[in-house]
Amino acid sequence: MESLSVPSVQAMVEATGGADVPPRYLRPEAAVDAVAGTGEAQIPIIDYGMLMLDNGEESSRLHGVCQDWGFFQLINHSVPGNVVEGMKSSIQQFFRLPAETKQQFAQERGQLEGYGQLFVVSEDQKLDWADILYLNTQPPEDRNINLWPDQPDNFRSTLDKYSAAVKHISDSLLAIMAKNLGLEPATIAEKCGGGIQSVRMNYYPPCAQAHKVVGFSPHSDSDLLTLVLQVNHVQGLQIKRDGCWFPVKPVEGAFIVNIGDIFEIFMNGRYRSIEHRAVVDPKEERLSIAAFHSPSIHAVIGPLKEIVEHEDEAYKTVDHEEFMRLFFSAKLEGKNFLDRMKIKSG
Ligand SMILES: O=C(O)CCC(=O)C(=O)O
Ligand SMILES: [Fe+2]
């Protein structure tokens, strides 16, 4: 698995001032897309503290939100403020390092992890206006520590703490979601063999012609559950809802949580993963940190037997390694990847 190597967008913008956009980044299709909810409309907010108190009303609200939106903001979560703030500051400092220093952590051929970009599978494909740092974070034995920045000083210990705290929240949410779907709370955890987490840190440089580029192409996440942290005040995440792009307005300190493809497959479509994208700001850089939670690489990806006892399986079953290979070897195009996992009836 690999992604073709591409130039750093940040370095390009720093060198040229970002006024001209090379053709490979021009996305005419994005300019015509309708954006909805420019008023005060907001994605639903879920209170983690209430869920942990076994509050029936909050967990049934969560169930409704998972069915209707597939995206929500999680407030009152248990990750200490200093861990969240430390993570934000560490990643901002990393992207401020000189280009040569960041290159020490660059992706190597045939690898996904490191500083670079993902899902670039052909030389003529359109490119996203972003640089990323992508790392395996849990379990700790899966880490490739030589790709973990050692600058700023506390980067590694900060990401270690952040990753454990976020994994804990994801595990708790998955247990409540399983219960909401009529399963034993531990059902998903049992299929996951502990589960894995990877973290994708996104850096979107400003672009003077922001409406002509895309920060992150439309996609759904391949995992069970994603927790995204908005690092600075610049907005950019949009979700596809009723055929329009709906901007997410982050609540200070909240995680933006979304359902991924594996969850949709496990539950035979009871909850759906939602297409989303990131747009770029004309003047200011934007950063976000996405933590992806998936079953162990030894797990099987397919509808859970508890779910399909009395119904047809709507998705294929494949081993996780094959699933990942298929996901990372295609260009990101909305939910196309998941469509290929569907069993077509009739
Ligand atoms: O930048 C964002 O807010 C979204 C990032 C995202 O969708 C991802 O990393 O999968
Ligand atoms: Fe995503």
>> Using modelled atom types and a 3.5 Å cut-off, is there a donor and acceptor pairing between side-chain atoms of R277 and backbone atoms of F216?
In response: no
>> Quick check: do S296 and C192 have side-chain heavy atoms less than 4.5 Å from each other?
In response: no
> What is the distance from atom CD1 of I343 to atom OH of Y315, rounded to the nearest 0.5 Å?
Replying inline: 10.0 Å
> Is there a side chain to side chain donor-acceptor pair (under 3.5 Å) between H233 and E284 once you walk through the steps?
Replying inline: CA-CA 10 Å; H233 67 280; E284 291 183 274; 3.1 Å; yes
> With no hydrogens and no angle check, do the side chains of Q117 and D128 hold a donor and an acceptor under 3.5 Å apart?
Replying inline: no
>> Once you measure the plane-to-plane angle for F323 and H320, does it fall in the parallel (<30°), tilted (30-60°) or perpendicular (>60°) bin?
In response: tilted
>> For the residue pair Y48 / S172, report whether a side-chain donor-acceptor contact shorter than 3.5 Å exists.
In response: yes
> Is it true that atom CD of E321 has more than 12 heavy atoms of other residues, nucleotides or ligands lying nearer than 6.0 Å?
Replying inline: no
> side chain to side chain contact (heavy atoms under 4.5 Å, CB included) between R200 and F292: does it pass, once the steps are laid out?
Replying inline: CA-CA 8 Å; R200 175 177 165 131; F292 304 105; 3.5 Å; yes
>> Would you say that F95 contacts L287 through its side chain, given a criterion of any heavy-atom pair below 4.5 Å between the two side chains?
In response: yes
>> ring-ring contact (aromatic ring centres under 6.0 Å, His included) for F105 and Y115? Distances and angles first, verdict last.
In response: CA-CA 6 Å; F105 307 98; Y115 170 65; 8.6 Å; no
>> Looking only at side-chain N and O atoms, does D47 offer a donor or acceptor that is under 3.5 Å from a partner on N76?
In response: yes
> Are side-chain N/O atoms of R272 and S220 paired as donor and acceptor at under 3.5 Å?
Replying inline: no
>> Quick one about S59 and K179 (side-chain donor to acceptor, distance below 3.5 Å, no hydrogens or angles considered), yes or no?
In response: no
>> Evaluate N136 against E113 for side chain to side chain donor-acceptor pair (under 3.5 Å), listing each step before the verdict.
In response: CA-CA 7 Å; N136 294 339; E113 275 188 277; 3.1 Å; yes
> Looking only at atom types and distance, does a side-chain atom of D319 sit under 3.5 Å from a main-chain N or O of E322, one as donor and one as acceptor?
Replying inline: yes
>> I'd like to know whether S222 forms a side chain to side chain donor-acceptor pair (under 3.5 Å) with D261, so could you lay out the CA-CA distance, the side-chain angles of the two residues, the decisive distance to 0.1 Å, and finally the verdict.
In response: CA-CA 5 Å; S222 71; D261 296 344; 5.7 Å; no
> Any side-chain heavy atom of Y134 within less than 4.5 Å of one from L112?
Replying inline: yes
> Do L183 and M267 touch side chain to side chain, with heavy atoms closer than 4.5 Å?
Replying inline: yes
>> For Y271 and H63: C-alpha separation, side-chain torsions, deciding distance, then whether ring-ring contact (aromatic ring centres under 6.0 Å, His included) applies.
In response: CA-CA 9 Å; Y271 294 167; H63 182 50; 5.6 Å; yes
> When you measure from the side chain of W129 to the backbone N and O of P205, does any donor-acceptor pair fall under 3.5 Å?
Replying inline: yes
> Atom CG in L338, atom CD in E275: separation rounded to 0.5 Å?
Replying inline: 11.0 Å
> Taking side chain as C-beta onward, heavy atoms only, is L181 less than 4.5 Å from T187?
Replying inline: no
> Just by distance, do the side chain of T101 and the backbone of L97 share a donor-acceptor pair under 3.5 Å?
Replying inline: no
>> Test side chain to side chain contact (heavy atoms under 4.5 Å, CB included) on K249 and I43; report intermediate values, then the result.
In response: CA-CA 8 Å; K249 300 186 181 71; I43 65 169; over 6 Å; no
> Honestly curious: do I297 and I188 fall in one hydrophobic cluster under the side-chain, below-4.5 Å linking rule?
Replying inline: yes
> Taking C-beta and beyond as the side chain, do I132 and M201 meet within less than 4.5 Å on heavy atoms?
Replying inline: no
> When you measure from the side chain of H77 to the backbone N and O of G253, does any donor-acceptor pair fall under 3.5 Å?
Replying inline: yes
> Are V84 and M52 connected, step by step, through hydrophobic side chains (Ile, Leu, Val, Met, Phe, Trp, Tyr) whose heavy atoms are closer than 4.5 Å?
Replying inline: yes
> Going by atom types alone, do S163 and Q197 pair a side-chain donor with an acceptor below 3.5 Å?
Replying inline: yes
>> Using 0.5 Å steps for rounding, measure from the NZ atom of K167 to the CG atom of L174.
In response: 8.5 Å
> Step by step, would you call V83 with T158 a side chain to side chain contact (heavy atoms under 4.5 Å, CB included)?
Replying inline: CA-CA 7 Å; V83 174; T158 305; 5.9 Å; no
> Out of I169, I46, I75, which residue meets the side-chain contact (heavy atoms from CB on, under 4.5 Å) rule with F255?
Replying inline: I169
>> Among K240, E264, H219, which residue satisfies the side-chain contact (heavy atoms from CB on, under 4.5 Å) criterion with K335?
In response: E264
> Just wondering, more than 12 heavy atoms not from D339 lying within 6.0 Å of its CG?
Replying inline: yes
> For the atom pair CD1 (I301) and CD1 (I262), what is the distance rounded to the nearest 0.5 Å?
Replying inline: 4.0 Å
> For E311, does the CD atom have more than 12 heavy-atom neighbours from other residues, nucleotides or ligands under 6.0 Å away?
Replying inline: yes
>> Counting C-beta onward and ignoring hydrogens, is there a side-chain heavy-atom pair between M341 and V318 closer than 4.5 Å?
In response: yes
> Under 3.5 Å, is there a donor-acceptor pair between the side chain of E313 and the main chain of N268?
Replying inline: no
Indicate every side-chain donor-acceptor pair of residues 223-231 with a distance under 3.5 Å to a residue at least two apart or in another chain.
from	atom 1	to	atom 2	distance (Å)
D223	OD1	T226	OG1	3.0
D223	OD2	T226	OG1	2.8
D223	OD2	H293	N	3.0
T226	OG1	D221	OD2	2.8
Q230	OE1	R286	NH2	2.6

>> Within the supplied structure, the quantity of interest is the number of heavy atoms (other residues, nucleotides, ligands) at a distance under 6.0 Å from E57 CD; does it exceed 12?
In response: no
> Where do A130 and G215 come nearest, in terms of heavy atoms and distance?
Replying inline: CB-O, 3.5 Å
>> To the closest 0.5 Å, what do you measure between SG (C66) and CZ (R61)?
In response: 11.0 Å
>> Please determine whether side chain to side chain donor-acceptor pair (under 3.5 Å) holds for the pair E285 and Y203, giving the CA-CA distance in whole Å, both sets of side-chain angles, and the decisive distance to 0.1 Å.
In response: CA-CA 7 Å; E285 64 185 20; Y203 180 87; 2.5 Å; yes
>> Whether the S89 and E85 side chains hold a donor-acceptor pair (N or O, under 3.5 Å, no angle test) is what I'd like checked.
In response: no
> Passes side chain to side chain contact (heavy atoms under 4.5 Å, CB included), D160 versus F155? Steps please.
Replying inline: CA-CA 9 Å; D160 176 53; F155 187 98; over 6 Å; no
> Is any side-chain heavy atom of D131 less than 4.5 Å from a side-chain heavy atom of Q10?
Replying inline: yes
> Is there any salt bridge (Lys or Arg N to Asp or Glu O under 4.0 Å) pair reaching into residues 182-196, and which pairs are they, with sequence neighbours excluded?
Replying inline: K191-E306
> Would you say H276's side chain and I274's backbone share a donor-acceptor pair under 3.5 angstrom?
Replying inline: yes
>> Let me confirm one number: the CH2-OG distance from W148 to S157, rounded to the nearest 0.5 Å.
In response: 9.5 Å
> Distance-only, no hydrogens or angles: does the N144 side chain make a donor-acceptor pair with backbone N or O of N146 under 3.5 Å?
Replying inline: no
